[in-house]
Amino acid sequence: MAAELHSRSGKLIGLSNSNRTAQRNQPVQEFNHGLVLSREPLRDRDVFTVRIDKKVNSWSGSIEIGVTALDPAGLEFPSSATGLKGGSWIVSGCSVLKDGRSVLEEYGRDLDQLGEGDHVGIQRNGKGELHLWVNGQDCGTAASGLPSRLWAVVDLYGKCTQVTVVSCEPPPEMDGEEDEEVSRAHSRPDKFPNNFEPDSGGGSSSNSSPAGSSGGVAGLGVAGGGMTTNDALLFHEKCGTLIKLSNNNKTAERRRPLDEFNNGVVMTNRPLRNNEMFEIHIDKLVDKWSGSIEIGVTTHNPNNLDYPATMTNLRSGTIMMSGCGILTNGKGTRREYCEFSLDELQEGDHIGLMRKVSGALHFYINGIDQGVAANQTPGVVYGVVDLYGMAVKVTIIHNHNHSDRLRRNNAIMRALSPDVGRPRPALSLTPEPDVPERLLFHLNCGQKAAIISDGRTALRPHATDDFNHGVVLSNRPLHSNEVFQVRIDKMVDKWAGSIEIGVTTHNPAYLQLPSTMTNLRSGTWMMTGNGVMHNGTTILDEYGHNLDRLKAGDTVGVVRKEDGSLHFFVNGVPQGPAAWNVPPSVYAVVDLYGQAAQATIMDDMADLPPLPDDSSEGPTAMSPGSPCSVSGATAANDLRFHQLHGTNAVITNGGRTALRQNCRSEFNDAIVISNRCLRDGELFEIVIQKMVDRWSGSIEAGVTAIRPEELEFPNTMTDIDYDTWMLSGTAIMQDGNTMRNNYGCDLDSLTTGSRIGMMRKATGDLHYFINGLDQGVACTGLPPEVYAVIDLYGQCVQVSITSSSGPLDNSLCTSNITEKSFPIHSPVAGVAHHLHSKHGKNVVLLGDGCQALRVDGYAHGIVFSAKELKTNEVFEVKINKVDDRWSGSLHVGLTTLQPPDLPSCPLSGLSPSLTQLRSKVTWVLAGSEVRRNGVLQRQNYGCSLDRLTVGNRVGVKRCSDDTMHILIDGEDMGPAATAVAKNVYAVLDLYGKVTAVSIVSSTLVEDSESCENEPALVPTVMTFLENHGKNIQLSNQNLTAARVSSYNQGLLVTAQALPRQQLFQFQIDRLNSSWTSSLSLGVIGHSPDRLNFPSTACCLKRSVWLLQRDSVFHNSLKICENYGPNLDTCPEGTILGLLVDSSGCLHLFVNGMDQGIAAQDIPSPCYPLIDLYGQCEQVSAYDYMRCQGDMEKADMVDGIKESVCWTPPPEVNPNKTCEYQALCSRFKELLALPDGYFNEDAKYNLCYCESCHKLRGDEAYYKRGEPPRDYALPFGWCRFALRSSSFSNAFKKWHIAYHGTSVGSLRCILDHNQLLSEDHGSYGEPEENSAPEREIPRVQLSPTMRYSGLEVFAPKVQFRDPRSLRCHQAQVGFQVCVRPGSYKVGPTSLGISEPLDPRFSNAEIEWITKEKGGTLLYGLLIRVE
């Protein structure tokens, strides 16, 4: 039959290419109505195959394919394929539906995970069976008993927007050898090539191609040949003035990244070849600037080029990608080239480009082709990278390097589905042996679970730290009447809830495991407590024995009988039928939830191990068979991991355990090294405790002669080019270069429980040991002092040193630590000190007052101890974070100031720094100077605090002899001050570079009072719970939540309870103006783990406090109105926060500003709740560590670098959804003023309506100029920034004022760029025969629009809004810059007696200027009534 589509199709479909290509119109606005059918019925065995041409990220779901008995000629097309009835079989995702009803829930490949370029086919074979084909692979029988006359159906649904029919013919007959080749090719390496050479026959052609052996596909080795070192693509030695090259010119870094943002251009050392990939890895970014890396090509030879400050300044022969657009010769040619923005990329991301043979230029982000950026690119071009703004350091990726190739594959996988790269059992070439397969646990398990004892035992190693993420499944489906039974080995007393057991249709090899199985909404039956749940919904409330009451040693089991009924067992006693019609081929599930910490499968094939007792060393396998060191076990016991390590590594268990945090989003930067050199003949051995199957590549191990203190930890150890020997896979590498392949073992093939050892013999030979067996000499000639190195790379997540003795201290494991969190060290015996709730305005307290963060600026960071210090009582903190952009450091001292007497926090009236605190007697150490009330008392005291960094501890105490002592890292520096008063508080100032500290000291136990038994909370980054509304999709390690469909079903809560005094903040990332209303937020007073979320938050009616619009609701009843700003008007970028104070009162924060008490009597614990409703489609949990001031984009104005915008505050973009601003804009359009008078950058247009200025947290008055002078913000007006070629740094020193005028005078003022005189007369152009020195007319100004906006200065005009057709009155005026000394301050000329502005008296509210050039128009102001 013809491989064409029928001319009749869904209403949004457009056909082209002789009806072979179908495209869904309006793909961003609509997700369905994309049905197409084959032109003719299918013949038996014909595979109707389409290629996915294009996908978008706007929707969930993707292509659906199947067959239907309905003739398209008379079909009334439904909105989607699942709506087809009358004999229709559709494969959707990984489910099969017949006439819209599911008949098979787990089948074949998940179609939602396929990408552009993938092939999907559908076939009815001669037996009447339906088969799905994906990339040439048969996925098996999907349905049977199909009629003979069927049409193929393809639904361009959701993400899939375009397909092309590629064939409709029977599959080729393949022998075993051909099958093997197809299976090997199934990973589709052609999708992410390094060189896109045309297919030209045999695989050896790449060796003889003009481009060298780099024509091979990423991830596939090419024998022989290879690109020579001289031919390698490197950075040219001639580069931008601030660039430093290293790593054999593969790495480029911009010097002084916190001082300069440009002059960072680098180019390749030779022109790019056709189809050659030029790809870089982002190594380092800084947060100071906006704008980031730019990449492209240029025809300019670097030898002859005078490098510009930034490549977008070059006006010839240059094509650059900047942000998400394309600039050609410095001018924008494509504003929205792709959905990714280079400004949003993070460290570890990859960017590439390629000039194809056709001349088309393509860019690649994390391996994904972004399409054609430019056509007809010149034949000879060099690659260009501009390390601009945030971008500081990059490295060229070379695919002929083994480790680089692995990192490239992993970065690609990170950008795709977690399923990509996982082994597919269906593609196995070797048939399973025809013997009963033992029932074990599958190695793919929950994030906090581990499988040991050869798959028979599952455990949560850190059961006292986390209560969920302990899901484990069986390694194969259960047979009918086969009992799956486990024994509970170990329990903890910390949590509520316990083990849960059941079955699921989901294959563990492909399942993205939830935090708890009751969150899974398909194909799952679970016994939980004494109830039974199906797909997360309770179907039996009272069933059998309560699992929450079981103890260690009890057993639970499950069986699916032949009749499809499901039964559970407790201690061997059947509990009766729990469910019916359970499909065959279900996997057993155990959820090690809450108290349940370890379980072992019970079967007849082996004896059960004994139950672990309290003295057990835990589940980690040791290595009794490993060789011993020559100095005996005692000497080996001091081997630990060094405290210095890669950024993603965490050392726990007293230095014996290392793990990689964020293991499913980060695959490298996790190098750990031994704490000392290895002795001759000494074995350093580790055991692999946890792996993930998300990445390619795995652990790498070796030795280095570089001392840990001198090692700048790279992404992977194979990046080190001196004094390092590593085993990577089967390759022995020295200094990053492969010395030999096919060593005796393959580290990539090791699994959980495997042991790896390294030993340097006295002869200088390096030996590796796998599970205690010597693998032979790996290399020779090692120096005498080498350190052991382990790279927790790719699949390998956690290891422990096997030679250490003693139990594993699980309480110290921190597998959930993220780079945004920081540790709180447990205080010494007693009750932890706390900080007082009164503090500087830039400070936020976390962890129940045990931690302080400065979230803005460099000052206003004063904090006090919660109580007066007792005699000889040490108050000590540890520095957790520094920001090197600032100078100065922590200040510490004692004060007689009583914090309870201060006004409520935030304290805008408190001194900016501790050295200025003089209202009460204060002794302070700043640097190495001791001051009393600001007066210098002594110099060169102890170690200067300016030298302190992360990890240092600082303490203060008042001794019995009335002296103040400072302690640094526990060492007393001696008396700093004398005659110190008795009733003093400890006081600290988070000043300059020190931005975060945590308390590490305690008070005496007898002083515990009400704090006794109250543990200090450890603040971590608040993440969103995986149980959420059905339209929510989480990403970014559960820090970002997006509503992916409809306008409701967008409820989400945090996984952690909100501690008292801890502020939880999140940012509105994306709004959709197609809907009305917006988000609501609040707290819920009970655990949300198993909550069935309604469609909206207002339907929650139990222990819920909700902020919606400008009202507060409790259990859906309104309790308060006119609270804070209207949440429906919050624009993108708004930061909202929730805080419950120590009195149980709920506070709302908007952009850091406390809106006051919203509700009282909030219970503890409570959980923050957000409803992504209506316009609000995405939010992200806000990270204080990145909130270090409001930096604007780095700009070049007449060659002057600007890091902070000099325009008047506020510094937040305007409310894009503000109706008042839109109304003022429409009035401005009616004035027909030329666009050339206004600034093109809309960020300078600000609305000062009540809602907008509250959202920004504007203060009413600011100072400006030299000398500083007050001016008022024009509340109630809307400002439209004017363009001026005169703006420069000099105008920062000018004052701000306002001028009211009439609508009729606007055009004249703008044309002359000069204000009119008081009588609105002419500009005084010289008349004929008049004197040239004519007096310039007087111009009236005022520092407040309350005066300049009076109707006498700004007359009202009436207009009709073209949108609403309603009549309004409008006024206009100007915001101007005024040169100091060019005006005279005087009283009002209107004779008004009552005050107009509380800040300005009527005697100084009017300014008069007569100087030409003394004013500069800055913004047009409009007010509409």
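All values reported here derive from a predicted model rather than from experimental measurement. All heavy atoms count here, side chains included; hydrogens, waters and symmetry mates do not.
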### Message
Applying ring pair (Phe, Tyr, Trp, His ring centres under 6.0 Å), can you list everything that pairs with Tyr1220, at least two apart in sequence or on another chain?
### Response
none
### Non-neighbouring partners of His300 that pass ring pair (Phe, Tyr, Trp, His ring centres under 6.0 Å), sequence neighbours left out
none
### Summary
Sorted by chain and number, sequence neighbours left out, side-chain contact (heavy atoms from CB on, under 4.5 Å) with Gln376 holds for none
### Query
Excluding sequence neighbours, so at least two apart, what forms side-chain hydrogen bond (donor to acceptor under 3.5 Å, both in side chains) with Gln1155?
none
#### Entry: side-chain contact (heavy atoms from CB on, under 4.5 Å) against Gln1108, all qualifying residues, sequence neighbours excluded
Ser1080, Phe1113
### Summary
In this structure, CG of Asn329 is separated from CE of Met311 (nearest 0.5 Å) by 9.5 Å
Under 3.5 Å, which donor-acceptor pairs do the side chains of residues 1343-1351 form with other protein atoms, sequence neighbours left out?
residue, atom, partner, partner atom, Å
Thr1344, OG1, Arg1346, N, 3.1
Thr1344, OG1, Asp1397, OD2, 2.8
Tyr1347, OH, Thr1388, OG1, 3.0
Tyr1347, OH, Ser1389, N, 3.4
Tyr1347, OH, Glu1406, OE1, 2.3
Ser1348, OG, Tyr1298, O, 3.0

### Partners meeting salt bridge (Lys or Arg N to Asp or Glu O under 4.0 Å) with Arg1043 (sequence neighbours left out)
Glu1177
#### Entry: Parallel, tilted or perpendicular: ring planes of Phe1275 versus Tyr1248, cut at 30 and 60 degrees
tilted
### Query
Please, which pairs that meet salt bridge (charged side-chain N to carboxylate O under 4.0 Å, His left out) have at least one residue in residues 1367-1386, sequence neighbours excluded?
Arg1379-Glu1411
### Task
Identify, with sequence neighbours excluded, every residue that meets side-chain contact (heavy atoms from CB on, under 4.5 Å) alongside Gln29.
Gln26
### Message
With a 3.5 Å distance limit and no angle check, can you tell me whether Asp1110 reaches the backbone of Leu1127 through a side-chain donor-acceptor pair?
### Response
no
### Summary
Contacts of Arg1269 meeting side-chain contact (heavy atoms from CB on, under 4.5 Å) (sequence neighbours excluded), chain-then-number -> His1295, Tyr1383, Val1385, Trp1407
### Pairing residues for Phe1359 by the ring pair (Phe, Tyr, Trp, His ring centres under 6.0 Å) criterion, not counting sequence neighbours
Phe1227, His1368
### salt bridge (Lys or Arg N to Asp or Glu O under 4.0 Å) partners of Arg334, counting only residues at least two apart
none
